[in-house]
K.L.:
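Before we start, here is the structure in question, set down as structure tokens.
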Amino acid sequence: MAKYKITQVRSKCGATKRQIANLQSLGIHKLHQTVEVEKNPVSEGMIKKVQHLIVVEEI
């Protein structure tokens with residue numbers, strides 16, 4: 001299964017509660033943290049909501 005490598009590069013300070021919840025659901029809790037998540041419609045939707053805060057690489 002394909003995966004995404006996601007790194008938070010911008011602060012969540014000033015983000016909405018929904019955006020912060022999406023980051024936590026993806027497994028990101030602090031700045032410059034990197035996680036790997038499976039590529040599926042649910043994770044793609046969460047990534048789209050916080051794409052201005054993260055960098056995404058396809059593995």
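Only this structure's heavy atoms are used, side chains among them; waters, hydrogens and symmetry mates stay out.
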K.L.:
According to salt bridge (Lys or Arg N to Asp or Glu O under 4.0 Å), does anything in residues 4-17 pair up with another residue at least two apart or in another chain? List the pairs.
P.N.:
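Every candidate salt bridge (Lys or Arg N to Asp or Glu O under 4.0 Å) pair involving residues 4-17 fails, so no pair, neighbours aside, qualifies.
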K.L.:
Side-chain donor-acceptor contacts of residues 20-29 below 3.5 Å, not counting sequence neighbours, with atom names and distances?
P.N.:
residue, atom, partner, partner atom, Å
N22, ND2, R18, O, 3.4
S25, OG, A21, O, 3.0

K.L.:
Test side chain to side chain contact (heavy atoms under 4.5 Å, CB included) on Q8 and Q33 and set out the steps.
P.N.:
CA-CA 6 Å; Q8 183 181 353; Q33 181 180 2; 5.7 Å; no
K.L.:
Output side-chain donor-acceptor pairs under 3.5 Å for residues 46-59, partner residues at least two apart or in another chain, one line each.
P.N.:
residue, atom, partner, partner atom, Å
E58, OE2, K39, NZ, 3.3

K.L.:
With a 4.5 Å limit on heavy-atom distance, are the side chains of Y4 and E38 in contact?
P.N.:
no
